[in-house]
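To start, the structure itself, in structure tokens.
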Amino acid sequence: MVTGFTLEVKPRGTRPSQPVDGELHDDATLSLTPEQHQRLKDGLHGARFDDVRRASRRYLVVGSGSGESGERRRRVCTRLNDRRDAVAFRLEEFGFDADDLDLWAPAFEALSVQATWVIGVIEDFDGGHVWELGYLYRQQTSVRDVLWLLKRVYDDPEIQRAQYENGIAASHLAALETAVGERVVEWSTLDELDSAVERIP
């Protein structure tokens, strides 16, 4: 038996204390089994979610989760998390793994609503984080005021081209860059990445 589960994306400025039943931004419906529905609720209403709700500033950090780029993303999280009365978090911290792919979209949507700022740490278009760009692109009217993009640039034009060689993702990123304007910060070294993080309120 499959039961419907939908989330309502609240306008920015409203900060619900928890995900709410209702409609998706584009009226799409996510169908989850009762077990998936319960797993989603358990993941989003645990101790980590309580940490997020209590903080005055909430940073959802998206991007690659593996390898050296994943380490740099975790570095961004750590630096933001060290701020007074702030919490930085990643989707994978809520207990969803590769077996829970159907839960990532509704979980990401619920967490992005909670965030004061959504931070995209972008180094390439190789990996599962590309779908997050697609989501942010689709929802850019609602994330326009809260999105920061920390985009890695490469000295070698050939490497730059190879790292960002994905037509659809490239068009999504370009649209997001236009939407957020001055909140796109380019970096190439760790020091520059740290400086980019310091620009985020």
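Quick caveat, the model's predicted, so the values are computed rather than measured. Below, each value reflects all heavy atoms present in this structure, side chains not excepted, and no hydrogens, waters or symmetry copies.
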- [ ] Side-chain contact test, heavy atoms from C-beta onward, threshold under 4.5 Å: evaluate it for Trp104 versus Leu91 and give yes or no.
- [x] yes
TODO: For the residue pair Ile119 and Val62, establish whether any side-chain heavy-atom pair is separated by less than 4.5 Å.
DONE: no
- [ ] Spell out, as yes or no, whether a donor-acceptor pair under 3.5 Å connects the side chain of Glu192 to the backbone of Thr189.
- [x] yes
TODO: Give a yes or no answer on whether the side chain of Asn81 reaches the backbone of Ala88 with a donor-acceptor pair at less than 3.5 Å.
DONE: yes
Open item on the list: Distance check, rounded to the nearest 0.5 Å: Gln36 atom CD versus Lys41 atom NZ?
Closed with: 14.0 Å
Task: Exercise: identify the closest heavy-atom pair between Leu173 and Phe125 - done: CD2-CZ, 3.6 Å
Task: Sub-4.5 Å side-chain heavy-atom contact between Arg72 and Val76 - done: no
Open item on the list: Can you confirm whether Glu198 is buried at CD, in the sense that more than 12 heavy atoms of other residues, nucleotides or ligands lie under 6.0 Å from that atom?
Closed with: yes
Open item on the list: Strictly below 4.0 Å, N to O, side chains only: are Asp51 and Arg48 in salt-bridge contact?
Closed with: yes
TODO: Might you point out which heavy atoms bring Arg53 and Gln114 nearest each other, and give the distance in Å?
DONE: CG-OE1, 4.3 Å
- [ ] In plain terms, say whether Asp194 and Arg75 are close enough for a salt bridge, that is, a side-chain N and a carboxylate O under 4.0 Å apart.
- [x] yes
TODO: Determine, stepwise, if the pair Arg58 / Trp117 fulfils side chain to side chain contact (heavy atoms under 4.5 Å, CB included).
DONE: CA-CA 6 Å; Arg58 307 162 183 175; Trp117 297 106; over 6 Å; no
Open item on the list: Run the ring pair (Phe, Tyr, Trp, His ring centres under 6.0 Å) test against Phe108 and tell me which residues pass, sequence neighbours left out.
Closed with: Trp131, Tyr135
TODO: Could you tell me whether Glu186 and Arg152 have a side-chain N and a carboxylate O separated by less than 4.0 Å?
DONE: no
- [ ] For residues Tyr59 and Thr116, determine if any side-chain heavy atom of one lies less than 4.5 Å from a side-chain heavy atom of the other.
- [x] no
- [ ] Provide the closest heavy-atom pair for Ala55 versus Ala86 in the form atom of the first, atom of the second, distance.
- [x] CB-C, 4.1 Å
Task: Nearest heavy atoms of Ala115 and Leu60, plus distance in Å - done: CB-CB, 3.9 Å
TODO: Would you check if the side chain of Tyr154 reaches a backbone N or O of Glu123 as a donor-acceptor pair within less than 3.5 Å?
DONE: yes
TODO: Report whether Ile159 and Leu193 are members of the same hydrophobic cluster (ILVMFWY, side-chain heavy atoms less than 4.5 Å apart, transitive linking).
DONE: yes
TODO: Ignoring hydrogens and angles, tell me if any N or O in the side chain of Arg73 forms a donor-acceptor pair with the backbone of Val61 under 3.5 Å.
DONE: yes
Task: Atom pair CD1 (Ile122) and CD (Gln163), whose distance is rounded to the nearest 0.5 Å - done: 12.5 Å
- [ ] Write down the atom of Gly120, the atom of Leu147, and the distance for their closest heavy-atom approach.
- [x] N-CD1, 4.5 Å
Open item on the list: Has Gln38 got a side-chain atom pairing as donor or acceptor with Pro34's backbone, closer than 3.5 angstrom?
Closed with: no
Open item on the list: Surrounding CG of Asp156 (heavy atoms of other residues, nucleotides or ligands, distance under 6.0 Å), is the total greater than 12?
Closed with: yes
- [ ] Take His37 and Thr33, measure what side chain to side chain contact (heavy atoms under 4.5 Å, CB included) needs, and give me the verdict at the end.
- [x] CA-CA 6 Å; His37 190 175; Thr33 66; over 6 Å; no
Task: Donor-acceptor pair, side chain of Arg39 and main chain of Gly95, under 3.5 angstrom - done: yes
Task: Distance-minimising heavy-atom pair for Val197 and Arg83 - done: O-NH2, 3.0 Å
Open item on the list: If you apply the rule side chain to side chain contact (heavy atoms under 4.5 Å, CB included), what do you find for Leu149 with Val180, and how did you get there?
Closed with: CA-CA 8 Å; Leu149 292 171; Val180 302; 4.2 Å; yes
Task: Worked check of side chain to side chain contact (heavy atoms under 4.5 Å, CB included) between Val185 and Trp148 - done: CA-CA 8 Å; Val185 185; Trp148 283 80; 3.9 Å; yes
Open item on the list: Measuring only between side-chain heavy atoms, which start at C-beta, is Leu150 closer than 4.5 Å to Val184?
Closed with: no
Open item on the list: According to a hydrophobic-cluster definition based on side-chain heavy atoms being under 4.5 Å apart (Ile, Leu, Val, Met, Phe, Trp, Tyr only), do Leu190 and Val153 belong together?
Closed with: no
Open item on the list: Please determine whether a side-chain nitrogen of the Lys or Arg among Glu177 and Lys151 lies less than 4.0 Å from a carboxylate oxygen of the Asp or Glu.
Closed with: yes
